[in-house]
2 protein chains.
Amino acid sequence: MIETDCVEVLDRIVTHTQIRPGQTVFEEGDEAKYAYNVSRGHVRLFKLLQDGRRQITGFLAPGDFLGLAARQTYAYSAEAITDADLCRLKVGELENLLEEMPPVRERLYEIANDELAAAQEQMLCLGRKTAKERVASFLISQLRHAADCGDGIAEFELPMSRSDIADYLGLTIETVSRTFTALREEGLIELPSTHRISIPSIATLEASTEA
Amino acid sequence: MIETDCVEVLDRIVTHTQIRPGQTVFEEGDEAKYAYNVSRGHVRLFKLLQDGRRQITGFLAPGDFLGLAARQTYAYSAEAITDADLCRLKVGELENLLEEMPPVRERLYEIANDELAAAQEQMLCLGRKTAKERVASFLISQLRHAADCGDGIAEFELPMSRSDIADYLGLTIETVSRTFTALREEGLIELPSTHRISIPSIATLEASTEA
DNA sequence: ACGACGCGTTGAGCGAGGTCAACGCATCGG
DNA sequence: CCGATGCGTTGACCTCGCTCAACGCGTCGT
C-alpha cells in the first residue's frame, strides 16, 4: 500500500479541511489547483446542464481521491453529502512527489483506470438498463463498497438522498422511490430505515441487475 | 509528441494486423495480453448484457489506443467498424518500455484522464439529455474529432452505422433515424448521403446540445 | 436480370418512466 | 406546543422514446 508508505512526506505538505453537507469542494471549470483525499464522510461528483439538470458521475467514500486528473480545470463539481474531512494537496506538490516516488504515478494510473472501468459500467447502466436493473446494480455496487470496508454482512447505510440516487442513475426521485418499494415488495431488499438497506440474498438481487 | 519520439523502439516490438468490418479485436473478459493502436480505420468498444443489449462506450479513430488499462482482463470488447490496421504490442513489452521511458507513463496517464473526462461527459448525455440533445452532442463531438484531423470545414463522414450510433447514445435505431430527419427538417444539419453530415451553423447545432 | 439481404426510413400504437400533485413524517425554531 | 420546512412515498395522468411492421434502396451472388 503506497498511500501509507509516504504518510510522513504527505503530512508536511497536506492541509486538512472540514466541510458540511451540501458544501462545495470545487466547481466544474475551476482552475485545478488542488488534489484531495476524503478522510471522513461522503462526497458527490456531478456535472450540470444550463437548465439545472444534474448528472452525478460518482460518489466518494473515505480513502477516495478527487481532482487528480492531469488537467487545467476540474471536469466536474464536488460537494459534500455528509459532514466530511478532506486532505488537500497543491498539484505542484503532487508533481514533486511524483518525481521523488515514481511508483505513486503507477498507482495514480491504476486509480484512473479503475475509475474509467467504473464509468464504462455506469454507461451501460444509463444507456441500456431499466429502472429496476439500475437500482439493483447501484445497490449491489454500494454493498460491495461497504463490504470492502469491513463487515461481510449484507446490510449497509446509504449516505445519499433519493435525489442523489436519481441523479446518479438518470431517473427521477419518484421512480427511485417506487423502485425501492417494488424491490421491497418482491422481497429482494429490506428497508429497516430510509437510508439503510438489507439484502437477504445477494445472488438473487444480482440476478435482477440485468436480463 | 512522445509517440513519434520512440518510433524506432516500437518498430522492434510491434506487430501489424489487418482486420475486416465486424471482426473482433478482443472480447470483454479476455486476458489482456496486448495493447493496440489504431493506424487505419475505425473501431468500436462496447459492453453487452446477457440478453444482447449493447452499450458502445467509445469509437476509435486512427491514432487512438485500446487495451491500455492496467488490468488483468479487458473491460470491454472491441470490433472493427471499417477495414482497419492495428499495431499490436505485448503488455510485458509495454512495461519494459515504461521503465526505459518514464515520460510515456505520464502520457498514458493523460490519455486515461482524457478518456475518463469523455466518459463522464457521456454519462451526462445518457442520464440527462433528450434524444435530440444526444444526437446533436454526438454530431458536434464527431465534428471536432474530424476537424482535428485536418479540414476546418463543417462536413464529415460518419463511419459507423445507425445501429452503432443508437447503441452509443442509449437509443433505438428508429429514434436515431427520426432525430436525424428532424434535425434536417429544422435546418440544423444536412445529409448529403447517409454517412455524410454537413453542419451549416456549428453554433446553432451546439445550442441544441442542451437546455 | 433478379431475388435475397442488409441498412435506413417512416408510420401506428404502446408502455416505462416522467410530471404534477397530495400527503405522511420527521426535525426545527419560536 | 405548533406551524414551517425538507424529504420520502404514493397516486393519476401524460409523453417521449420504444416496439412492431411495412417499405425503399443499394449491393450482393447466382
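Lettering follows sequence order; numbering is per chain, from 1. This one's a predicted model, so the numbers in the text were calculated from it and none came from an experiment.
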Among the candidates [options], find the nucleotide nearest to the side-chain atoms of [X].
{"X": "Thr194(A)", "options": "dT19(D), dG17(C), dG8(D)", "result": "dG8(D)"}
{"X": "Ile173(B)", "options": "dG18(C), dT9(C), dG17(D)", "result": "dT9(C)"}
{"X": "Arg162(B)", "options": "dT19(C), dT19(D), dG8(C)", "result": "dG8(C)"}
{"X": "Ser177(B)", "options": "dG17(D), dG18(C), dT9(C)", "result": "dT9(C)"}

Please determine if a side-chain N or O atom of [X] lies less than 4.0 Å away from the OP1 or OP2 oxygen of [N].
{"X": "His195(B)", "N": "dC7(C)", "answer": "no"}
{"X": "Thr175(B)", "N": "dG17(D)", "answer": "no"}
{"X": "Thr130(B)", "N": "dC16(D)", "answer": "no"}
{"X": "Thr181(A)", "N": "dT10(D)", "answer": "yes"}

Could you tell me the separation between the [atom1] atom of [X] and the [atom2] atom of [N], rounded to a whole number of Å?
{"X": "Asp164(B)", "N": "dC7(C)", "atom1": "CG", "atom2": "C1'", "result": "12 Å"}
{"X": "Phe180(A)", "N": "dG8(D)", "atom1": "CZ", "atom2": "P", "result": "10 Å"}
{"X": "Leu171(B)", "N": "dC18(D)", "atom1": "CG", "atom2": "C1'", "result": "10 Å"}
{"X": "Leu169(A)", "N": "dA16(C)", "atom1": "CG", "atom2": "C1'", "result": "16 Å"}
{"X": "Ile165(B)", "N": "dG8(C)", "atom1": "CD1", "atom2": "P", "result": "8 Å"}
{"X": "Lys129(A)", "N": "dA16(C)", "atom1": "NZ", "atom2": "P", "result": "19 Å"}
{"X": "Leu158(A)", "N": "dC7(D)", "atom1": "CG", "atom2": "C1'", "result": "15 Å"}
{"X": "Glu133(B)", "N": "dC16(D)", "atom1": "CD", "atom2": "C1'", "result": "13 Å"}

- Determine, step by step, whether Lys129(A) and Glu210(A) satisfy the salt bridge (Lys or Arg N to Asp or Glu O under 4.0 Å) criterion, reporting the C-alpha distance in whole Å, the side-chain angles of both residues, the deciding distance to 0.1 Å, and the verdict. CA-CA 7 Å; Lys129(A) 290 192 184 178; Glu210(A) 61 178 290; 5.4 Å; no
Nearest-nucleotide check on DNA chain D, Glu185(A) vs Arg128(A); residue mapping nearer the 5' end is Glu185(A)
Quick one: [atom1] on [X] to [atom2] on [Y], what's the gap to the nearest 0.5 Å?
{"X": "Tyr34(A)", "Y": "Lys90(A)", "atom1": "OH", "atom2": "NZ", "result": "4.5 Å"}
{"X": "Tyr76(B)", "Y": "Leu124(A)", "atom1": "OH", "atom2": "CG", "result": "14.5 Å"}
{"X": "Tyr109(A)", "Y": "Leu68(A)", "atom1": "OH", "atom2": "CG", "result": "15.0 Å"}

Answer whether the closest heavy-atom distance between the side chains of Leu48(B) and Glu28(B) falls below 4.5 Å.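 With C-beta onward as the side chain, the pair stays apart.
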Exercise for review: Measure from the side-chain N and O atoms of Asn37(A) to the backbone N and O of Gly63(A), and report whether any donor-acceptor pair falls under 3.5 Å.
Suggested key: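 Answer holds: yes.
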Requested in this report: Using five base pairs at each end, measure the axis-to-axis angle across the helix from dA1(C)-dT30(D) to dG30(C)-dC1(D) and round it to 10 degrees.
Outcome: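 It works out to 30° between the end axes.
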| query | So what does Gly22(B) hit on the nucleic acid, given a heavy-atom distance under 4.0 Å: a base, only sugar-phosphate, or nothing? | reply | nothing
Q) Parallel, tilted or perpendicular for Tyr74(B) and Phe26(B), by the 30°/60° rule? A) parallel
Fill in: Full working for salt bridge (Lys or Arg N to Asp or Glu O under 4.0 Å) between Glu121(A) and Lys47(B)
CA-CA 8 Å; Glu121(A) 192 64 38; Lys47(B) 291 168 85 79; 3.2 Å; yes
* Asked: Any donor-acceptor pair under 3.5 Å joining the side chain of Arg178(A) to the base of dG11(D)?
  -> yes
